[in-house]
Structures are given as C-alpha cells and as structure tokens.
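The structure appears right after this line, and notes come after that.
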Amino acid sequence: MVNNVPHTGSGPAATGAVGGLILGIESSCDETAAAVVERGTRQLSNVVASQIAIHSPYGGVVPELASREHLRAIVPVVDAALREANTTFSDLDAIAVTEGPGLAGALLVGIGYAKALAYALSKPLIAVNHLEGHIHAVLLEHAASLPATGPLLALVVSGGHTHLYLAEHRDNTWHYRNVGHTVDDAAGEAFDKVAKLLGLGYPGGPWIDHLATHGNPDAVPFSFAQIKPKVHRGGQRTSDAPFLFSFSGIKTAVLRYVETHAMAASIAIRRQQITATTKPADALALLAPQTLDQQTLDLLASFQRAVVDDLRRKTFAAAEHYGAHGLLISGGVAANRELRTRFTRAAGERGLPIAFPALSLATDNAAMIAAAAWPKLLAGDFAPPSLSARASLPLGAETALP
Ligand code: KG4
Ligand code: ZN
C-alpha cells in the first residue's frame with residue numbers, strides 16, 4: 001500500500017511544492033507519454049512514444065496490445081522526459097498521472113508506475129482527468145490570450161471524445177460544466193472510420209486533413225440529421241438541454257455513397273496495397289493526391305467540410321447561449337487545418353478570443369497532464385493511495401436535464 005504519499009489536505013506548504021516542477025504521465029490510449037512542466041506553463045520536456053505502427057494493421061486501437069506496449073515504453077519514456085528536461089527525480093515537486101477516462105488496462109500502467117514512483121520518492125501524487133488535460137494543453141501556452149474571468153467554452157474533440165465544457169477559474173480552482181456531447185461516435189472516430197472505409201491509412205484524421213485540400217467540399221451534400229432525443233422537444237433544444245452531436249450517420253452516408261458510386265473495387269485494391277506497405281514513404285506515394293481519383297478527393301473534402309461545419313455551428317451556438325468570454329479548442333481533431341481556419345474566422349466575426357493548442361499538444365501528450373496538475377498542487381489536491389483507473393471518468397457537472 002502507498003502510505004507515505006501526501007494526499008488531499010496536506011497542501012503545498014506541507015510538501016514544499018514551491019518550484020512547481022511536475023512530471024506528467026499519460027497512458028490512457030495508444031500513446032505512452034511523459035513530460036516535465038514548470039508551474040503549469042513552461043514545458044521542459046514532452047516525450048511521446050506513439051503506438052500507431054502497432055495498431056495500424058488493425059485500423060484501430062487494440063486494448064491488449066496497447067497495455068503491453070505501455071509496459072514496454074513507460075520506463076524509457078519517463079527517463080527521456082527527465083533527461084530532456086535536464087532534471088532528476090529528486091528535483092520534482094509532484095508526479096501527475098491520467099486517472100481516466102480511457103482504456104482501463106492502459107491507464108493502469110501509468111497509474112501503477114506513477115504510484116510506485118511517488119511512494120519511492122515521497123512526493124505527492126496528483127490524479128488528472130484526461131479531458132481536463134486536453135483543456136490545459138491550450139491554457140499551458142495561451143492562458144494570457146484568453147479572458148482571465150468569466151466562462152470559457154472548451155470544445156474537446158478527439159478520437160474518443162466530442163464534448164463541450166464551460167470552464168471557469170474561480171477561487172484558485174478550475175470549475176467545469178459539461179454542456180454538450182456526442183450521442184454516438186466521436187468526431188475523430190468518424191475521421192478514422194471514414195478513412196478506413198476508403199482504404200486510407202490510420203489514424204485517418206491527418207490523412208483526410210492532408211487530402212481534403214485537393215477536393216471540392218461542395219461535391220457531396222452531406223447533412224446532419226436533426227438529433228431529437230428526449231431533451232430536445234419537437235426537434236428544438238430546450239434552453240437548458242445539452243448541445244448534442246452525432247457522427248455515426250455521416251459515416252453510413254459515406255458508405256452508401258461508396259456503394260452507389262461503384263468505388264468499392266478501387267478501394268479494395270488500395271487497401272491491399274496499403275496493408276502490404278512497410279515504409280511510410282510507400283504509403284505516402286500510394287495516398288498522394290495525384291495518385292488518388294478526384295471522386296475520392298471530393299468525397300473526403302465534402303466529409304471534412306460537413307463535420308467541421310457541424311462542430312462550428314454547435315460550438316458557436318453554445319458559446320452564445322452561455323455567454324462564453326472566449327473559446328478554446330483541443331484534442332486530436334483540433335490539429336485539423338480546415339477546422340482551425342473556419343473556427344478562427346467565425347470567432348473573428350463575433351469578436352470572441354479563440355485559442356488552439358500547438359500541434360504537438362493537440363493529440364495525446366503528458367505536458368497537458370502536468371499542466372492541469374499545477375493548480376491541484378497549489379491547492380493540495382492530491383490523490384489517495386487507493387487511486388485506480390476510471391475508464392469512464394466524467395469531467396465536471398452535467399448540464400441538468402429538464
Ligand atoms: O487526442 P487524441 O490524440 O486521442 C484521443 O484522446 O482520442 O486524438 C486522436 C484523434 C484521432 O481520431 C485522429 O484521427 C484525430 O484525432 N486527428 C485528426 C487530425 N490529427 C489527429 N483529425 C482531423 N484532422 C487532423 N489533422
Ligand atoms: Zn485525448
């Protein structure tokens with residue numbers, strides 16, 4: 001049992017946590033990551049060991065393989081993060097680790113390691129919600145360009161999540177309220193599934209981002225069906241209902257388009273060729289815009305435009321509804337260039353400050369975990385010795401249902 005780790009209530013003064021040097025550890029999905037961040041804002045290192053090559057042949061993350069790879073990578077990744085930061089274990093003020101949400105087996109590797117480290121070093125252990133981490137990936141570098149008071153609206157849009165949160169810094173603590181979510185697939189999941197459907201590489205988001213610029217976004221008219229769950233009376237949001245997204249329909253619409261436009265045969269050939277490639281350069285050549293047919297490029301551009309437009313419409317409607325003072329967009333899909341361009345333009349038109357993470361901080365990383373842990377270190381909000389993985393850990397209070 002971990003019994004000499006300071007926990008809730010012991011406070012920073014009691015632990016001498018004044019330098020603010022935090023080692024963050026992230027292992028919730030398919031990236032083993034460690035980073036050292038000073039006082040929540042200065043990245044001293046940010047090391048990410050990606051498992052893309054391991055999961056790529058399966059077109060998605062295989063949980064058992066993910067856990068095994070985390071076990072292999074965790075020690076060298078933490079070592080590299082300390083080395084790059086020119087720091088030793090004894091310099092650290094706290095160890096922060098992702099508690100959830102994510103794959104239970106994957107999370108447990110990071111948590112087990114972080115607990116053992118905190119115990120051995122007699123340093124505080126801080127549990128961080130992965131979604132809060134994504135929000136702090138933006139605050140880490142851009143807090144100064146966003147209003148310091150009043151609610152900010154955060155869109156966390158990744159392979160596992162499409163969530164809207166109101167985030168507000170009050171009484172030295174960040175408070176979150178969940179005001180929107182997807183009722184089925186996450187937006188990044190839709191990018192990955194559509195890419196898989198069209199015989200492109202994994203993960204699909206970066207490929208579609210790259211290829212969509214060569215297609216006509218108006219070629220295929222995709223529309224998002226009005227979502228009418230109980231909280232939306234007569235198809236209209238009631239004033240306090242959450243903003244809802246749905247991305248499984250567009251994936252089916254792409255499938256139907258492929259079937260009705262006789263694209264299946266050429267996709268099957270491409271898929272076979274991609275599966276046989278061993279070098280990234282060969283995949284790049286196979287999926288070069290000049291190699292792909294215009295119909296595929298148009299389909300990708302139309303898909304991306306439709307998803308980005310839906311995210312943009314609902315995010316700005318929520319910002320207006322809740323009187324947000326600024327916007328922050330984070331998660332893997334926040335790396336998307338069309339999303340950045342269209343959101344930036346819309347924010348400019350409304351005079352709303354908006355911030356995105358650096359590309360290295362958009363997808364999963366541990367710097368965001370260490371950054372989110374800094375206010376918790378100041379508040380003495382430490383994890384109990386019983387800390388364990390919480391695969392479905394929510395962030396913030398839910399919007400009340402009518
Ligand atoms: O945040 P992240 O690394 O992991 C999760 O927490 O899910 O996000 C990964 C997701 C994948 O679905 C990937 O396809 C998507 O982010 N993604 C992108 C782009 N880069 C990554 N989606 C669209 N455009 C991109 N440039
Ligand atoms: Zn993530």
Side-chain angles (χ1 to χ4, degrees), residues 5-26 35 37-42 92-101 114 118 123-156 161 163-180 318-319 322-331 353 355 357 361 366-384 386-387 390 393-400:
V5 178
H7 43 83
T8 307
S10 44
T15 60
V18 282
L21 219 52
I22 301 179
L23 169 69
I25 295 174
E26 153 66 37
V37 177
E38 192 180 33
R39 304 175 79 82
T41 50
R42 203 160 84 87
L92 298 172
D93 295 299
I95 320 293
V97 66
T98 306
E99 179 184 12
K123 308 264 182 191
L125 178 69
I126 299 173
V128 174
N129 184 309
H130 181 82
L131 297 161
E132 182 175 17
H134 273 302
I135 291 172
H136 282 264
V138 181
L139 295 169
L140 196 164
E141 291 183 316
H142 299 292
S145 61
L146 289 166
T149 54
L152 300 173
L153 184 73
L155 169 67
V156 180
H161 310 280
H163 279 112
L164 285 168
Y165 294 100
L166 285 174
E168 193 164 2
H169 194 238
R170 270 184 278 115
D171 311 323
N172 294 322
T173 312
W174 279 93
H175 301 265
Y176 305 97
R177 182 172 159 209
N178 182 202
V179 296
Y322 290 105
H325 292 198
L327 282 173
L328 58 89
I329 318 296
S330 69
L361 295 175
M368 67 186 197
I369 302 303
W374 168 239
K376 297 181 198 295
L377 178 58
L378 287 176
D381 180 6
F382 301 138
S386 58
L387 179 72
R390 293 177 64 192
L393 181 67
L395 175 65
E398 292 286 326
T399 288

>> Evaluate Val156 against Leu395 for side chain to side chain contact (heavy atoms under 4.5 Å, CB included), listing each step before the verdict.
In response: CA-CA 11 Å; Val156 180; Leu395 175 65; over 6 Å; no

>> Rounded to the nearest 0.5 Å, what separates atom NE2 in His161 from atom CG in Leu131?
In response: 4.5 Å

> Below 4.5 Å, heavy atoms only, C-beta onward: do Pro124 and Asp93 meet side chain to side chain?
Replying inline: no

> Of the non-hydrogen atoms in Gly24 and Ala366, which two are nearest, and what is the gap between them?
Replying inline: O-CB, 3.4 Å

Could you tabulate the donor-acceptor pairs under 3.5 Å formed by side-chain atoms of residues 132-144, not counting sequence neighbours?
unit_1: Glu132; atom_1: OE1; unit_2: Lys376; atom_2: NZ; d: 3.0
unit_1: Glu132; atom_1: OE2; unit_2: Tyr176; atom_2: OH; d: 2.7
unit_1: His134; atom_1: NE2; unit_2: His130; atom_2: NE2; d: 3.0
unit_1: His134; atom_1: NE2; unit_2: Asp364; atom_2: OD1; d: 3.1
unit_1: His136; atom_1: NE2; unit_2: Tyr176; atom_2: OH; d: 3.1
unit_1: His142; atom_1: NE2; unit_2: Phe356; atom_2: O; d: 3.1

Acceptor/donor pairs from residues 166-175 side chains to any protein atom, 3.5 angstrom cut, sequence neighbours excluded:
unit_1: Thr173; atom_1: OG1; unit_2: Asp171; atom_2: O; d: 3.2
unit_1: His175; atom_1: NE2; unit_2: Arg170; atom_2: O; d: 3.3

> Do you know the tightest heavy-atom contact between Leu152 and His325?
Replying inline: CD2-C, 4.4 Å

> Taking atom CZ of Arg390 and atom OG1 of Thr98, what is their separation to the nearest 0.5 Å?
Replying inline: 13.5 Å

>> Distance check, rounded to the nearest 0.5 Å: Leu155 atom CG versus Leu328 atom CG?
In response: 9.0 Å

> So, Asn178 side chain and Gly396 main chain: donor-acceptor pair closer than 3.5 Å or not?
Replying inline: no

> With sequence neighbours excluded, what pairs up with Pro394 under the side-chain contact (heavy atoms from CB on, under 4.5 Å) test?
Replying inline: none

> Is Leu377 close to Phe382 at the side-chain level, that is, under 4.5 Å between some pair of heavy atoms?
Replying inline: yes

>> According to salt bridge (charged side-chain N to carboxylate O under 4.0 Å, His left out), does anything in residues 143-153 pair up with another residue at least two apart or in another chain? List the pairs.
In response: none

>> Please enumerate all residues that pass side-chain contact (heavy atoms from CB on, under 4.5 Å) together with Ala96, with sequence neighbours excluded.
In response: Ile22, Ile126, Val128, Ile369, Ala373

> Which residues pass the side-chain contact (heavy atoms from CB on, under 4.5 Å) test with Val37, sequence neighbours left out?
Replying inline: Gln43, Ala367, Ala370

> Can you name the closest pair of heavy atoms from Gly40 and Ala371 and give their distance?
Replying inline: O-CB, 3.7 Å

> Should Met368 and Pro357 count as side-chain neighbours, where that means a heavy-atom distance under 4.5 Å?
Replying inline: no

